[in-house]
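In what follows, a single structure is set out as structure tokens and then discussed.
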Amino acid sequence: MSGRWWALVAVSLATFMTYLDNNVVNVALPTIQRDLALTISGLEWIVSAYILVFAGLLLAGGRLADVFGPRTAFFTGLTVFTLASVAAGLAGSQETLIAARAVQGLGAALVTPSTLALLPRIFPDPRERATAVGIWSAVGALALAIGPLTGGFLSENADWGWIFLINLPIGVVAAAIGLRAIRVERAASGRVSLDLPGLATSAVALFALTYALIEGESRGWTSAPILGAFAAFAVAAVAFLVVESRTAQPMIDLSLFRARIFSGGLLSMGLWSFGVFGIYFFTALYLQSALGFSPTEAGAGFVPMALLMAVIASVSPRIAERFGSAGTVAAGLGLMAVAIGGLSSAGEGSHYGDLLPWFLLYGAGAGLLVPLTNVVLNAMPPARAGVASGVLNVSREVFGLLGITILGAILSARQSAVGGAPLHAFLEAYRFTLLIAAAIVLVGVPVSLYSLRRTRAAAVAEPAVPEPVA
């Protein structure tokens, strides 16, 4: 295997590790709460600290990758994330654990944009790059499914600290392979602006929005802290747009959002994330509350879906090359919407076998959206690949949080309106919420058909790639 494919192994391992931490914690929370005598607020912040810092600094991390080089950002983020994971695994108090989770978010905000920024430089050939992105996406899909399963298994059969400590060997192996195999350009020698006002305003806007979406349900959407957070987001977002329109070297060229491929691609990716986050979160509740699954069994229930998603993701670039990105992505979103609607037929007498065909259909649809990553990255100049990756991941994270928030609010309201036995009320609300989710994801079909038309995976412009360095 040539050096560039070994480089893909290193990048994929790092991606797997950071994606895993998005959801490995959830099923282990009861065990962590018992062992550390956590307050409810502390329990919530174990999850929120990571997401808040990760989402808040994604654009900043992408810009740092562009200025200092994606290789430098990659190894810096990988080191920070791995060391923070060790600190989290050895934490003996809620304060230490929450702080370690926040530092993990910082490391992930550097690693995630730099991985996608590295791929065009490692794979200058468009066909090879499409295959690499497919493999990278497949690894991410596997991590999404293995996270709950891993967290449930380790929390039930070992110390909960191992859900974080498993990142140490993964991080060491990724670094060892990457140091030998990743050979890309160093940071540009010319003067490049870091755009500090843009970094600051984007971070404040994303921090505020993420905080409001995470805490809105528990604190109340009309409470002073949440309204204040939304106000801070609005002010910082406007300030960011003003700064970016006036600076000589902006983080993001705002004119790109007028391009249908770029803006439509981001919206399609956001709708995919809306569906993925929503179905994982609420269907996990269904599996445990209605079917009586243990946390480990609930996590295992998603594995067939994720395996098929990973397989389809690895071949979807070839499908897009044959049929075009617009049709491939639209078909993927359409299949997801049908699958979500099919899951709404689940009732009190349903079994896992009744859900599995819909899970598999959903996994097939989600795997077809891989060409979107290539489309969005190729809409940005090569020198801004880090920021392009940051924008793409911000779309995923924010729409994912919106999926949980909006669908959660709909489910709660419907559950209260239905009344009756708790399980009956939950199931009625769950099925209604899935139909709403299916309708929202279905919007992505015409969006992708319009915005990505005449875009073929094999016809993307090849970026100028500097000579590799040792």
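Starting from 1, each residue takes its place in the sequence as its number. Side-chain atoms are counted along with the backbone in the values below, which use heavy atoms only and exclude waters and symmetry mates. Bear in mind the structure is a predicted one, so any value in this text is a computation, not a measurement.
Thr76 pairs with exactly one of Leu78, Thr72, Thr79 by the side chain to side chain contact (heavy atoms under 4.5 Å, CB included) rule, that one being Thr72. Of the options Leu434, Leu361, Val338, a side chain to side chain contact (heavy atoms under 4.5 Å, CB included) to Leu343 is made by Leu434 and by none of the others.
Leu213 approaches Val398 most closely through the heavy-atom pair CD1-O, 4.3 Å. In terms of heavy-atom proximity, Ala337 sits nearest to Val441 at N-CG1, 4.1 Å. For the pair Val53 and Ala102, the tightest heavy-atom approach, listed with the atom from each and the gap, is CG1-O, 3.4 Å.
Counting heavy atoms from C-beta on, the side chains of Phe426 and Leu411 come closer than 4.5 Å. Phe359 is not listed as a side-chain neighbour of Leu308, based on a closest heavy-atom distance of 4.5 Å or more.
Between the side chains of Ser344 and Tyr430, no donor-acceptor pair is found at a separation under 3.5 Å.
Under the rule for a side-chain contact (heavy atoms from CB on, under 4.5 Å), the partners of Leu52 that lie at least two apart in sequence or sit in another chain are Trp45, Phe207, Thr210, Tyr211. Applying the side-chain hydrogen bond (donor to acceptor under 3.5 Å, both in side chains) test to Thr15 and every residue at least two apart in sequence or in another chain returns Trp136. The ring-ring contact (aromatic ring centres under 6.0 Å, His included) test applied to Phe257 returns Phe262, not counting sequence neighbours. For Tyr50, the ring-ring contact (aromatic ring centres under 6.0 Å, His included) test picks out Phe54, with sequence neighbours left out.
Within 6.0 Å of OH on Tyr352 lie more than 12 heavy atoms contributed by other residues, nucleotides or ligands. The number of heavy atoms from other shown groups lying within 6.0 Å of CZ (Arg431) is above 12.
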Name the atoms and distances for all side-chain donor-acceptor pairs under 3.5 Å in residues 55-62, with sequence neighbours left out.
none

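Listed by first and then second residue, the side chain to side chain donor-acceptor pair (under 3.5 Å) pairs that reach into residues 104-120 are Asp21-Gln104, Ser85-Gln104, Arg101-Gln104, sequence neighbours excluded.
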